[in-house]
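Following: one structure in structure tokens, then a few remarks.
Here the structure is a predicted model, which means the values were calculated and not measured. Nothing fancy with the numbering, it's 1 onward along the sequence.
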Amino acid sequence: MADKRDCYEVLGISKGASEDEIKKAYRKLAKQYHPDLHPGDKEAEEKFKELGEAYEILSDPDKKAKYDQYGHAAFDPSAGFGGAGAGGFGFDDLGDILGNIFGGGFGGFGGGGTRRNGPQKGESVRISLTLTFEEAVFGCQKEIAVPRIENCDECGGSGAAPGTSAETCPNCHGSGTVVTQQRTMFGVMQSQTACPHCRGTGKIVKTPCSRCDGKGKIKRTKKFNVTIPAGIDDGQTIPLRGQGHVGVNGGPNGDVLVTVRVKSHALFERDGQNVYMELPISFVQAALGAELEVPTLDGKVKYELPEGTQSGDMFRLKGKGIPYLNSSSRGDQFVTVYIVTPKNLTKEQKELLRKYGEATGEADGVKQGIFGKKKKKG
């Protein structure tokens with residue numbers, strides 16, 4: 001018993017704490033370290049057990065008096081005090097204690113939980129749908145096949161063969177739960193568990209349906225037409241409400257959640273509602289300016305390239321980007337130009353370039369000042 005912490009220290013109270021103060025301290029810490037809030041946390045589980053042991057002792061006037069006089073040794077049979085058996089507190093002994101202390105059920109310890117055979121919403125079905133870049137930009141209609149669980153059309157979901165019906169479970173009288181009692185340090189406590197006869201359904205099927213083997217449910221694939229809104233992006237989800245797995249005990253169906261995956265485009269790259277592309281131009285077009293035909297999502301448009309354009313310059317085409325969801329507005333298209341150096345020049349073309357170089361002073365080397373300026377930081 002020497003390794004056990006002081007009960008007052010465990011609950012964070014003074015030795016003269018009242019019965020009400022002891023209970024309040026336990027309530028607060030039990031909620032803080034309850035295993036349902038820390039799944040898989042062994043440290044929290046041990047703290048919770050330690051709290052239970054401390055509260056078991058300090059909440060009982062007789063045990064508290066012995067503890068105040070002798071400490072944990074009062075409950076150690078080997079110490080010669082008779083052993084009050086306070087050291088064996090565990091989750092199985094806890095039963096429905098929290099349900100009584102905190103009012104109603106608390107996690108997996110029973111105590112006033114809801115009816116197990118009450119209506120429950122069905123689970124959702126997740127579907128992935130691949131779209132082309134253009135389909136995502138402009139929207140479309142798609143047909144999808146959804147595997148889902150439905151009520152058996154032979155028995156209507158009852159699980160009983162046609163002409164028969166499920167009967168109320170005689171063990172739980174249709175509640176789906178049974179009440180058990182156990183004696184704890186607080187007296188006789190009650191807890192609810194699933195009825196073992198009907199497995200929590202509240203019904204007994206004596207003549208099961210041959211189509212669903214008495215389960216009342218079958219797996220079936222149903223097809224739906226999905227409207228893909230213009231401007232949807234990769235990873236976004238479209239919900240089809242009430243089209244998922246059937247609910248339990250009359251509960252609503254779950255949903256179908258369609259997550260879109262958008263293929264990349266050979267020319268355009270998306271960033272939000274804007275699109276970006278690179279466009280090759282010749283040295284002559286860059287130097288003298290030109291009327292360009294620029295590809296866009298809506299087809300080719302004309303653009304007047306100004307003379308003296310540099311490789312890497314970017315221009316914007318307003319309203320040629322991605323539509324905003326549920327809106328007539330659109331983003332923009334940004335075009336970055338880069339100059340393509342000509343290859344395989346003819347003798348005449350080379351001579352013309354040399355004359356151009358002589359005229360500009362570039363024929364004998366790099367033009368003075370071409371690397372003479374620092375790039376401004378954007």
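- Counting heavy atoms from C-beta outward, Val226 and Ile228 have side chains that approach closer than 4.5 Å.
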Subject >> Intermediate values then yes/no, salt bridge (charged side-chain N to carboxylate O under 4.0 Å, His left out), Lys203 and Glu167 >> reply: CA-CA 5 Å; Lys203 299 289 184 180; Glu167 301 177 4; over 6 Å; no
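- Using a cut-off of 4.0 Å between Lys/Arg side-chain N and Asp/Glu carboxylate O, Glu46 and Lys42 are scored as not salt-bridged.
- One distance of note links CD of Gln273 with CG of Asp271; it measures 9.5 Å at 0.5 Å rounding.
- Separating the OH atom in Tyr356 from the CD atom in Glu351 is a distance of 16.0 Å, to the nearest 0.5 Å.
- Val340 is not listed as a side-chain neighbour of Ser282, based on a closest heavy-atom distance of 4.5 Å or more.
- A salt bridge links Lys24 to Asp20: at least one charged side-chain nitrogen sits closer than 4.0 Å to a carboxylate oxygen.
- Around CD of Gln349, the count of heavy atoms belonging to other residues, nucleotides or ligands within 6.0 Å exceeds 12.
- Contact record, Ile149 with Lys217: CG2-CB, 3.6 Å, taken as the closest heavy-atom pair.
- Between the side chains of Asp6 and Tyr67, at least one donor-acceptor pair of N or O atoms lies under 3.5 Å.
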Subject >> CA sep, side-chain torsions, deciding dist, call: Val294, Leu317, side-chain contact (heavy atoms from CB on, under 4.5 Å) >> reply: CA-CA 10 Å; Val294 182; Leu317 301 176; 4.0 Å; yes
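- Here the side chains of Leu292 and Leu279 are in contact, with some heavy-atom distance below 4.5 Å.
- For the side chain to side chain contact (heavy atoms under 4.5 Å, CB included) criterion with Lys320, the lone passing option out of Val275, Leu297, Asp298 is Asp298.
- Between Phe268 and Tyr276, the ring center distance fails the sub-6.0 Å criterion.
- Residue Glu134 qualifies as enclosed at atom CD: its count of foreign heavy atoms under 6.0 Å is above 12.
- When all heavy atoms are compared, the tightest approach of Glu21 to Ala17 is OE1-CA, 3.1 Å.
- Distance check, rounded to the nearest 0.5 Å: SG of Cys212 to CD of Glu154 gives 8.5 Å.
- Using a 4.5 Å heavy-atom threshold, the side chains of Thr309 and Val337 count as touching.
- In this structure, Ile232 and Pro229 have side chains that are in contact, with non-hydrogen atoms separated by less than 4.5 Å.
- For the residue pair Glu150 / His245, no side-chain donor-acceptor distance below 3.5 Å is found, with atom types taken as modelled.
- Counted within 6.0 Å of CD on Glu348, heavy atoms from surrounding residues, nucleotides or ligands total 12 or fewer; the atom is thus considered open.
- In this structure, Glu135 and Lys142 have side chains that are in contact, with non-hydrogen atoms separated by less than 4.5 Å.
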**OP:** Show the numbers, then the answer: is there a salt bridge (charged side-chain N to carboxylate O under 4.0 Å, His left out) between Lys49 and Glu53?
**Re:** CA-CA 6 Å; Lys49 288 182 179 180; Glu53 292 179 6; over 6 Å; no
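- Side chains of Thr227 and Gln141: a donor-acceptor N/O pair is present below 3.5 angstrom, by distance only.
- In this structure, Ser124 and Leu257 approach most closely via the heavy-atom pair CB-CD1, 4.3 Å.
- A distance of 12.5 Å separates CG in Asp332 from OG1 in Thr296, rounded to the nearest 0.5 Å.
- Judged by a 6.0 Å distance limit and a 45° cone about the ring axis, Lys263 is not positioned over the six-membered ring of Phe133.
- Within a 6.0 Å radius of CD in Glu50, more than 12 heavy atoms belonging to other residues, nucleotides or ligands are found.
- Contact check for Asn274 versus Ile322: no side-chain heavy atoms found under the 4.5 Å cut-off.
- With respect to Lys121 and Asp255, a salt bridge is recorded, a charged nitrogen being found less than 4.0 Å from a carboxylate O.
- Residues Asn253 and Gly242 approach most closely at CB-O, 3.4 Å, considering heavy atoms.
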Subject >> Lys64 vs Asp60, salt bridge (charged side-chain N to carboxylate O under 4.0 Å, His left out): CA-CA, chis, key distance, verdict >> reply: CA-CA 6 Å; Lys64 181 176 181 296; Asp60 185 302; over 6 Å; no
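- Checked by atom type, the side-chain pair Thr259/Thr237 shows a donor-acceptor distance below 3.5 Å.
- Remark: aromatic rings of Tyr33 and Phe48 are distant, center separation not under 6.0 Å.
- In the displayed structure, Glu307 atom CD is contacted under 6.0 Å by at most 12 heavy atoms of other residues, nucleotides or ligands.
- Atom CD of Glu358 and atom CG of Leu353 lie 11.5 Å apart (nearest 0.5 Å).
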**OP:** Evaluate the side-chain contact (heavy atoms from CB on, under 4.5 Å) criterion for residues Cys169 and Cys195: first the C-alpha distance (whole Å), next the side-chain angles of each, then the deciding distance (0.1 Å), finally the verdict.
**Re:** CA-CA 9 Å; Cys169 175; Cys195 175; 3.8 Å; yes
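- Pro147 places a side-chain heavy atom less than 4.5 Å from the side chain of Ile127.
- Summarising the geometry, atom CG belonging to Leu11 is positioned 14.0 Å from atom NZ belonging to Lys23; distances are rounded to the nearest 0.5 Å.
- Across Ala160 and Ala166, no two heavy atoms sit closer than the pair CB-N, 3.8 Å.
- The environment of Glu291 atom CD is dense: over 12 non-hydrogen atoms of other residues, nucleotides or ligands sit within 6.0 angstrom.
- For Arg220, the CZ atom is densely surrounded, since the number of other residues' heavy atoms within 6.0 Å is greater than 12.
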